[in-house]
Student: 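Below is the structure I would like to discuss, written out as structure tokens.
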Amino acid sequence: MTESAIDPGVLDRGHVRLTISGPRATIVLDRPDQLNAQTPDTWRALREIGQNLAEEVRVVDVKAAGRAFSAGLDRRLFESAEVDGSPGLISLASRPVEQADADIAAFQQGFSWLRDPERVTIAAVQGHAIGAGFQLALACDMRVLASDAVFRMAETGLGLVPDLGGTLPLVQTVGYSRAAEMCLTGRDVPAEEASRVGLANSVVEPTELEAATDRLADAIVQAPPGAVRETLALLSQASEAEDPEQQLAAERAAQLRRLGELSGATAPDQ
């Protein structure tokens with residue numbers, strides 16, 4: 001599928017912009033007057049992109065307009081029965097469990113595709129990334145931070161839990177104890193600390209954020225796509241492999257697939 005297959009109305013309602021240039025796609029949260037606060041329409045727009053990106057897209061940058069990456073959930077979700085046609089949190093709780101579970105699962109799909117090894121995803125984060133904003137950054141394979149970036153997992157302090165897929169990558173990145181402390185205290189994690197504990201691949205001055213993200217994306221695009229895909233899949237399962245022999249076997253199988261493709265390839269980038 002291609003960019004033309006993506007419903008522009010869904011993107012507009014979610015305040016999300018998408019541009020595609022060759023093997024690169026750029027997603028921009030575009031609601032700067034509300035610090036890119038997220039609604040179900042945001043997640044619907046992200047899901048629409050993930051379901052319809054062309055196979056040729058190999059790197060996806062996730063960015064945000066304005067001074068903040070995302071302030072998290074739109075406050076209306078806490079206060080109203082309905083927000084832009086979608087249920088608020090209280091209305092969600094009053095639905096049958098099966099329906100509410102399906103609703104949340106659909107929300108999660110807006111983030112989960114960003115960890116698909118079919119493509120590399122990079123979050124470019126400036127200012128605050130709170131709650132759902134933090135989880136969106138965590139959903140990406142890599143994170144480039146401006147020096148003014150601040151992460152915060154605010155859900156527990158609001159009586160909720162992180163439910164957009166952020167718990168697994170957070171624990172995988174910083175470990176259980178540190179993840180528990182970040183979530184349960186809801187404290188700020190500034191860019192310098194984020195870099196120290198592995199939440200950031202790099203930290204740059206705000207004026208250099210776009211250029212640094214471009215350099216990383218351009219470097220990744222140079223590698224053969226099949227090798228990138230297989231390597232990402234190996235890395236994503238490595239932390240869950242209970243037996244080292246299991247990972248060694250996965251490496252052997254991936255390498256044999258690569259050798260098979262290379263031996264029959266008609267072009268060097270297969």
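Throughout, numbering of the chain's residues begins at 1 and tracks the sequence. Being a predicted model, the structure only gives us computed values, none of them experimental.
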Student: Is the closest side-chain heavy-atom distance between Val28 and Val16 below 4.5 Å?
Tutor: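 No; the side chains remain at least 4.5 Å from each other.
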Student: Identify whether Leu138 and Leu114 are in the same connected component of the hydrophobic contact network (ILVMFWY, side-chain heavy atoms under 4.5 Å).
Tutor: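 Yes; tracing contacts between hydrophobic side chains, which count when under 4.5 Å, links both residues.
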Student: Would Glu192 and Arg196 pass as an ion pair if we require N to O under 4.0 Å?
Tutor: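 Yes, this pair counts.
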Student: After noting the C-alpha distance and the side-chain angles of Gln135 and Met153, does the key distance pass the side-chain contact (heavy atoms from CB on, under 4.5 Å) rule?
Tutor: CA-CA 8 Å; Gln135 292 186 79; Met153 199 67 86; 3.9 Å; yes
Student: Applying the 4.5 Å side-chain criterion to the ILVMFWY set and letting contacts propagate, would Val60 and Met142 be lumped into a single cluster?
Tutor: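 As far as the 4.5 Å side-chain criterion goes, Met142 and Val60 are not connected within one cluster.
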Student: Out of curiosity, does Val62 fall in the hydrophobic cluster containing Leu35 (side-chain heavy atoms, cut-off under 4.5 Å, transitive links)?
Tutor: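 Looking at the clustering, Val62 is in a separate group from Leu35.
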Student: Report yes or no: does Asp101 contribute a side-chain atom to a donor-acceptor pair with the main-chain N or O of Val97 at less than 3.5 Å?
Tutor: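 Answer holds: no.
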Student: According to a 4.5 Å side-chain heavy-atom criterion applied to Ile, Leu, Val, Met, Phe, Trp and Tyr, with indirect links allowed, do Trp113 and Leu235 form part of one hydrophobic cluster?
Tutor: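 Not linked; separate clusters.
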Student: Indicate whether the side chain of Gln237 and that of Gln246 have a donor and an acceptor atom separated by less than 3.5 Å.
Tutor: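 Gln246 and Gln237 do not have a side-chain donor-acceptor pair below 3.5 Å.
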Student: If hydrophobic clusters are built from ILVMFWY residues whose side chains come within less than 4.5 Å, do Ile122 and Ile49 share one?
Tutor: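 Cluster IDs for Ile122 and Ile49 differ.
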Student: Contact between Leu89 and Leu160 at the side-chain level, heavy atoms closer than 4.5 Å - yes or no?
Tutor: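 Side chain of Leu89 against side chain of Leu160, heavy atoms only: contact under 4.5 Å found.
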Student: Applying salt bridge (charged side-chain N to carboxylate O under 4.0 Å, His left out), run through Glu230 and Arg258 and close with a yes or a no.
Tutor: CA-CA 8 Å; Glu230 292 280 13; Arg258 292 305 307 138; 5.9 Å; no
Student: Are Gln38 and Trp43 close enough that a side-chain donor and a side-chain acceptor fall under 3.5 Å?
Tutor: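 Result is yes, a qualifying pair exists.
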Student: Let me see the working for Asp41 and Arg13 under salt bridge (charged side-chain N to carboxylate O under 4.0 Å, His left out), right down to the final yes or no.
Tutor: CA-CA 6 Å; Asp41 279 339; Arg13 289 190 293 275; 5.0 Å; no
Student: Does the side chain of Glu118 come within less than 4.5 Å of Pro225's, by heavy atoms?
Tutor: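 Counting from C-beta outward, Pro225 and Glu118 never come under 4.5 Å.
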Student: Side chains of Phe151 and Val125: closer than 4.5 Å at any heavy-atom pair?
Tutor: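 When only atoms from C-beta onward are counted, Val125 and Phe151 do touch, with a gap below 4.5 Å.
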Student: Taking all heavy atoms of Ala65 and all of Asp30, pick out the closest pair and write down the distance.
Tutor: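 Heavy-atom minimum between the residues: CB-OD1, 3.6 Å.
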Student: If you count heavy atoms of other groups shown closer than 6.0 angstrom to CZ of Arg76, is the number above 12?
Tutor: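 Yes.
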Student: Show your working on side-chain contact (heavy atoms from CB on, under 4.5 Å) between Arg67 and His128 and close with a plain yes or no.
Tutor: CA-CA 8 Å; Arg67 60 188 177 88; His128 282 84; over 6 Å; no
Student: Give, for atom CZ of Arg47 and atom CZ of Phe107, the distance between the pair rounded to the nearest 0.5 Å.
Tutor: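 It is 8.5 Å, given to the nearest 0.5 Å.
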Student: Compare every heavy atom of Gly66 with every heavy atom of Gln126, then report the nearest pair and how far apart it is.
Tutor: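 Result for this residue pair: NE2-O, 2.9 Å.
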Student: If you take all heavy atoms of Cys183 and Leu170, which pair is closest and at what distance?
Tutor: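 That would be SG-CD2, 3.7 Å.
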Student: Between Arg95 and Asp103, what is the shortest heavy-atom contact and its length?
Tutor: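 Looks like NH1-OD2, 2.7 Å.
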Student: Might you point out which heavy atoms bring Arg119 and Leu232 nearest each other, and give the distance in Å?
Tutor: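 For Arg119 versus Leu232, the nearest heavy atoms are O-CD1, 3.8 Å.
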Student: Thr121 vs Asp141, test: side chain to side chain donor-acceptor pair (under 3.5 Å). Steps then yes/no.
Tutor: CA-CA 5 Å; Thr121 54; Asp141 297 304; 3.2 Å; yes
Student: Quick one, Thr213 and Lys63 - any side-chain contact, counting heavy atoms below 4.5 Å?
Tutor: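 Yes. Closest side-chain heavy atoms under 4.5 Å.
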Student: Measure the shortest side-chain to side-chain distance between Phe111 and Leu136 over non-hydrogen atoms and say whether it is less than 4.5 angstrom.
Tutor: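 Heavy-atom side-chain distance check passes, below 4.5 Å.
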Student: Hey, is CD on Gln109 packed in by over 12 heavy atoms from elsewhere, all under 6.0 Å?
Tutor: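 It does: Gln109 CD has more than 12 such atoms within range.
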Student: Are the side chains of Glu193 and Met182 in contact, using a 4.5 Å heavy-atom criterion?
Tutor: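 The answer is yes, as the side chains (C-beta and beyond) meet within the 4.5 Å cut-off.
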Student: Kindly give the heavy-atom pair with the smallest separation between Val221 and Pro23, and that separation in Å.
Tutor: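 Looking at all heavy atoms of both residues, the shortest contact is CG1-CG, 3.8 Å.
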Student: Kindly indicate, with the supporting measurements, whether the criterion salt bridge (charged side-chain N to carboxylate O under 4.0 Å, His left out) is fulfilled by Arg215 and Asp218.
Tutor: CA-CA 5 Å; Arg215 286 193 297 270; Asp218 289 343; over 6 Å; no
Student: Look at atom CD1 of Ile90 and say whether more than 12 heavy atoms of other residues, nucleotides or ligands are closer to it than 6.0 Å.
Tutor: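 Result for CD1/Ile90: open.
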